[in-house]
Amino acid sequence: MEKKKLSLPVQIIVALLCGIVVGLVCYFTNTASFTANYLKPIGTIFINLLKFIVVPIVLLSMISGIISMGDLKKVGAVGWKTVAFFMVTTALACVIGLAIGSLFDGLGWFPALALEEGAVWDKATSANFMDTLVNIFPSNMWSAFLNANMLQVIVIALLIGGGILSAGERGTLAVSMVDSIYAVFEKVMEFIIKLSPIGVFTMMAWVVATQGADVLGPIALVLLCAYVGYFIHAVLVYSLSARAFAKISPFAFFKGAGAAMIFAFTSASSVATLPVSRECAEKMGAEKDVAAFVLPLGATINMDGTAVYQCVATIFLAACCGVDLTLGQMIIVVVTATLASIGTAGVSGAGVIMLAMVLEAIGVPVEMIMIIYGVDRLFDMGRTTLNITGDIACSLCVTSWEKNKAAKAAK
Ligand code: ASP
């Protein structure tokens with residue numbers, strides 16, 4: 001009989017549970033040094049691979065995103081309205097994520113962990129604004145890559161993407177190169193994600209062995225915090241904008257989007273949910289060609305759930321290091337999380353890779369991701385649901401703006 005392979009999410013959950021059990025055993029038998037000496041190094045290999053992939057993925061995904069924006073000129077008004085809706089709602093998602101994360105942190109629900117050296121805050125926490133601004137612009141491309149300076153990598157991506165667009169015909173070779181190299185790195189990323197059960201098991205065993213069961217409560221709280229953020233964003237931003245611009249009541253909106261939301265929750269992939277979101281959007285009155293444009297673009301670049309998650313996770317992991325973010329750092333988080341969510345692919349587990357970029361930008365050690373990596377699927381189900389709900393809301397609003405414009409023109 002053919003053996004059935006466990007799916008990756010199941011493997012990760014199993015790895016998480018095994019890690020917790022092994023960690024607890026080591027904690028209670030005072031053998032935590034075993035996990036530190038033998039398991040953690042294996043987890044570190046996984047973290048190194050994550051760090052390795054984040055620069056090329058951010059660079060290439062952002063360049064290819066900008067290149068695809070070039071086509072926006074062709075679709076004109078619909079294109080720009082869509083992108084404006086995406087940008088504004090994603091920035092709001094970041095603000096909601098930061099606010100709710102700070103609230104949980106302020107209530108003392110995100111405790112500092114007693115971490116070993118190597119997993120501590122590695123950057124000055126009070127950089128002045130002008131210095132930060134100046135440092136965003138690289139004087140040397142390679143040093144930006146070498147130091148994984150994510151803000152500089154983003155600027156490089158924006159410049160190269162803009163350059164390719166303005167080179168027009170002569171830039172076509174570069175377009176295909178970016179496409180092709182990006183496809184290669186996506187495969188490498190898939191491979192690294194496949195290794196995640198090993199990373200989750202070893203790091204979880206180490207975290208629990210050194211912290212005891214105390215760390216499990218905060219993990220449950222950060223999950224709760226993210227879901228509160230998802231819920232607030234869906235109700236405040238989406239249902240209200242559908243109400244204000246498309247004249248659809250919140251109840252009718254969530255009822256209409258329900259099927260797509262359930263599908264997204266179970267599949268954890270915006271791209272896989274596309275056919276269902278399209279059907280829901282059209283049933284609620286989105287015009288066919290608007291939906292055909294907005295939804296696929298949204299499934300690629302509009303990730304408000306991912307943005308909420310990245311902000312909440314950043315505050316939580318910074319708190320684990322014993323640090324509260326300054327206002328300046330929060331602004332950097334809003335900018336990087338907005339861009340990171342644009343660069344996140346609409347497949348399951350992509351958002352956590354991009355979280356590495358946000359953490360790098362403000363100096364939280366990437367190792368910290370392992371504290372929440374094991375439960376990432378649970379975060380992912382909620383963030384994907386929010387991601388596609390935003391796409392549907394956008395298709396309804398753009399439809400109504402276009403209709404109003406046509407009605408005015410006809411007068
Ligand atoms: N799974 C999400 C989506 O498809 C992306 C993410 O991991 O944040 O929308």
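Ligands are counted one by one from 1 in listed order, and the atoms in each one are counted from 1 as well.
- For ligand 1 and Ala268, the ligand atoms under 4.0 Å from any heavy atom of the residue are 1 (N), 4 (O).
- Contacts between Ile388 and ligand 1 below 4.0 angstrom, taking non-hydrogen atoms only, are absent altogether.
- Near Ser270, meaning under 4.0 Å from one of its heavy atoms, ligand 1 places the atoms 3 (C), 4 (O), 9 (O).
- Residue Gly351 has at least one heavy-atom neighbour below 4.0 Å for each of these atoms of ligand 1: 6 (C), 7 (O), 8 (O).
- Not a single N or O atom of Met303, backbone or side chain, sits closer than 3.5 Å to an N or O atom of ligand 1.
- For ligand 1, the polar-atom distance check against Val271 finds no nitrogen or oxygen pair separated by under 3.5 Å.
- By the 6.0 Å and 45° rule, Lys81 does not stack over the aromatic ring of Trp401.
- Below 4.0 Å from some heavy atom of Thr384 lie the following atoms of ligand 1, by number and element: 1 (N), 2 (C), 3 (C), 4 (O), 9 (O).
- Glu190 and Lys194 are not joined by a salt bridge, as no carboxylate oxygen comes within less than 4.0 angstrom of a charged side-chain nitrogen.
- In this structure the side chain of Tyr309 reaches within 4.5 angstrom of the side chain of Leu355, judged on heavy atoms.
- Contact check for Ile372 versus Phe316: side-chain heavy atoms found under the 4.5 Å cut-off.
- Every atom of ligand 1 is numbered from 1 in the order shown, and the set under 4.0 Å from a heavy atom of Ala350 is 7 (O).
- The ligand atoms of ligand 1 that sit less than 4.0 angstrom from a heavy atom of Asp380 are 1 (N), 2 (C), 6 (C), 7 (O).
- Taking every heavy atom of Gly349 and a limit of under 4.0 angstrom, the matching atoms of ligand 1 come to 7 (O).
- Within 6.0 Å of the NZ atom in Lys51, the count of heavy atoms belonging to other residues, nucleotides or ligands exceeds 12.
- Annotation: side chain of Arg377 is in contact with side chain of Ser348 (closest heavy-atom distance under 4.5 Å).
- Within the 4.5 Å cutoff, the side chain of Leu49 has no heavy atoms near those of the Ile53 side chain.
- Atoms of ligand 1 found under 4.0 Å from any heavy atom of Arg383 (numbered from 1 in listed order, with element): 6 (C), 7 (O), 8 (O).
- Partner of Asp391 under the side-chain hydrogen bond (donor to acceptor under 3.5 Å, both in side chains) criterion, chosen from Thr82, Asn302, Thr273: Asn302.
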